[in-house]
2 protein chains.
Amino acid sequence: MRRPAKPPSVRPAKPRRAAARAPAARPYHHGDLRRVLIDAAMQLVGEGGPEAVSVREAARRAGVSPGAPFRHFPSRDALMNAVAEEAQRRFRAEIETALVDAPAGDPLGRFRCLGIAYLRWTMQNPTHFEIISSRRFFDHDRSAGVSSDNAELIGLTERTLAEAFSAGQLVARDLKQVQIAGRALVYGFARMHIDGHLPRWGVGEAEVERMAADIVDLFIAGIARPATPAAKV
Amino acid sequence: MRRPAKPPSVRPAKPRRAAARAPAARPYHHGDLRRVLIDAAMQLVGEGGPEAVSVREAARRAGVSPGAPFRHFPSRDALMNAVAEEAQRRFRAEIETALVDAPAGDPLGRFRCLGIAYLRWTMQNPTHFEIISSRRFFDHDRSAGVSSDNAELIGLTERTLAEAFSAGQLVARDLKQVQIAGRALVYGFARMHIDGHLPRWGVGEAEVERMAADIVDLFIAGIARPATPAAKV
DNA sequence: CAATCCGTGTAATCGGCGCTTACATTCACA
DNA sequence: TGTGAATGTAAGCGCCGATTACACGGATTG
């Protein structure tokens with residue numbers, strides 16, 4: 001928690017709205033402090049993980065007094081909520097973008113795309129993923145934005161896998177188990193990365209995305225009905 | 001971080017060693033403060049998770065002044081290290097105990113036992129597992145005890161799965177992928193539990209251990225060479 | 001047995017934190 | 001033009017981790 005010496009609060013002087021003919025120095029009213037605080041907190045998350053976010057430091061970076069943020073967020077948790085919503089929004093957008101290139105008529109193929117897009121984003125944004133995945137940093141239940149975006153994504157993967165099931169692409173009997181196992185697999189790999197376990201398993205940073213794709217494929221191979229073989233009774 | 005009102009520091013008066021004929025009141029020297037601090041911190045972890053541990057609260061529960069713990073631990077992180085070592089020791093002991101009942105000649109069966117024992121402990125001790133699994137709460141690299149215990153466990157599972165591979169029990173080609181996927185699966189399920197994801201996936205607290213066993217079995221079914229079935233070419 | 005050293009306790013203090021309160025400034029609207 | 005609401009500042013509270021100076025007392029040694 002102890003912070004190293006900091007340059008004395010750069011203060012980028014950002015009069016955004018309501019600055020029509022105002023003088024150059026930041027006016028008394030910031031203009032868009034809420035937004036700037038969220039951005040600063042997002043940056044802090046990127047730099048040092050969720051626990052590196054402090055209200056005071058965000059205020060410092062925004063160039064306002066330590067009490068100012070509390071006009072916009074009733075608590076640090078509320079700020080974290082906003083940060084998590086921002087991260088969740090980006091996460092969802094990226095995954096849905098990746099899905100447009102996915103094969104339309106092949107639910108299992110779409111599931112594969114989902115898993116790989118999920119892992120790609122988490123590998124590239126580990127600390128931001130950490131916020132939205134752990135209950136510690138804010139109150140999920142009280143954050144409608146995160147919950148709804150998250151529920152959308154979960155619903156999407158559930159539906160996709162259910163379609164694969166209905167289409168007879170799976171050998172498994174219990175769809176719910178497959179869904180949870182699939183989720184546990186990708187979530188576990190993402191957390192192994194975040195928590196620094198992968199080096200111990202012989203996966204260097206350069207191979208991470210490749211390995212991510214490989215284990216998604218391995219999982220799919222484990223649940224997919226063998227496609228072409230002449231076997232099967 | 002704000003703490004609710006506390007009874008004024010119960011002070012259980014524990015003169016352990018060096019208390020032969022001493023008076024009832026705690027002597028000036030505590031006797032075994034290091035041990036008591038670790039126990040208090042373990043309890044705090046159990047009550048409110050790793051971030052609920054504060055040096056001052058541990059000191060309070062041990063009945064000593066706020067500065068006393070720093071005679072035994074140079075920092076909060078060092079205390080967390082000790083707590084993590086304790087947790088890791090218990091974790092390893094439980095898993096190795098579970099393994100004695102495992103089938104001797106069946107590596108894959110032993111692997112199953114490992115996975116289930118792993119998940120059982122994590123389901124029953126989520127906050128303690130959180131400490132030893134996340135790099136956030138202390139410095140893994142500087143904690144020989146945690147590292148070695150952890151390396152032992154990982155080595156054990158790796159060897160077990162490798163034996164299954166050598167014995168021809170697996171269909172997979174790439175052993176390393178299978179090992180990482182297996183780890184990701186159990187770790188992911190454990191973290192889903194810790195992070196409160198399971199309710200959203202329709203897994204109530206009562207069904208958790210059952211579901212844990214189910215997905216371990218599902219994973220094994222996905223990698224195991226079909227044993228008896230009359231099908232298969 | 002007495003002197004003393006050092007391990008281990010206390011007391012006081014520092015700066016950082018989240019958060020609150022009282023006050024100041026400015027915007028927006030009647 | 002006046003006035004209230006919105007939003008900034010200043011100061012302060014208690015908690016935290018950590019450090020320092022000092023006090024106690026068990027063990028070692030002459």
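Proteins come first, then strands; the chains are lettered A, B, ... in the order of their sequence lines, and each starts at number 1. Every value quoted in this text rests on a predicted model; they were computed, and no experiment measured them.
- Atom CZ of F70(B) and atom P of dA12(C) are 18 Å apart (whole Å).
- Counting only residues at least two apart or in different chains, side-chain hydrogen bond (donor to acceptor under 3.5 Å, both in side chains) contacts with residues 69-82 of chain B are absent.
- Each of P66(B) and S65(A) has a nearest nucleotide on DNA chain D; the 5'-most of these lies closest to S65(A).
- Every pair passing side-chain hydrogen bond (donor to acceptor under 3.5 Å, both in side chains) that includes a residue from residues 175-187 of chain B is listed here, sequence neighbours excluded: D195(A)-Y187(B), D214(A)-Q177(B), D174(B)-Q177(B).
- By the 4.5 Å heavy-atom criterion applied to side chains, I194(B) and R191(B) are counted as neighbours.
- The CG atom of D32(B) sits 15 Å away from the C1' atom of dG9(C) (whole-angstrom rounding).
- The CD-P distance, from E51(B) to dC16(D), rounds to 14 Å in whole Å.
- Listed by chain and residue number, R112(B), A213(B), V216(B) satisfy the side chain to side chain contact (heavy atoms under 4.5 Å, CB included) test with I116(B) (two or more places apart in sequence, or in another chain).
- Toward the 5′ end of DNA chain C lies the nearest nucleotide of L33(B), the other residue of the pair L33(B) and V55(A) mapping further downstream.
- Side chain of R56(B), nearest nucleotide from dG18(C), dT9(D), dC16(D): dC16(D).
- Whole-Å rounding puts the L44(B) CG to dG17(D) P distance at 11 Å.
- Distance CD (E57(A)) to C1' (dG18(C)): 15 Å, rounded to an integer number of Å.
- Legend: residues meeting side-chain hydrogen bond (donor to acceptor under 3.5 Å, both in side chains) with R90(A), ordered by chain and number and at least two apart, are E86(A).
- Annotation: proximity of residues 71-86 of chain B to DNA chain D (heavy atom, distance under 4.0 Å) is found for R71(B), S75(B), R76(B), numbered in ascending order.
- Residues passing the ring-ring contact (aromatic ring centres under 6.0 Å, His included) test with F91(A) are Y118(A), W121(A), F129(A), sequence neighbours excluded.
- A straight line from CZ of R34(A) to P of dA6(D) spans 15 Å, rounded to a whole angstrom.
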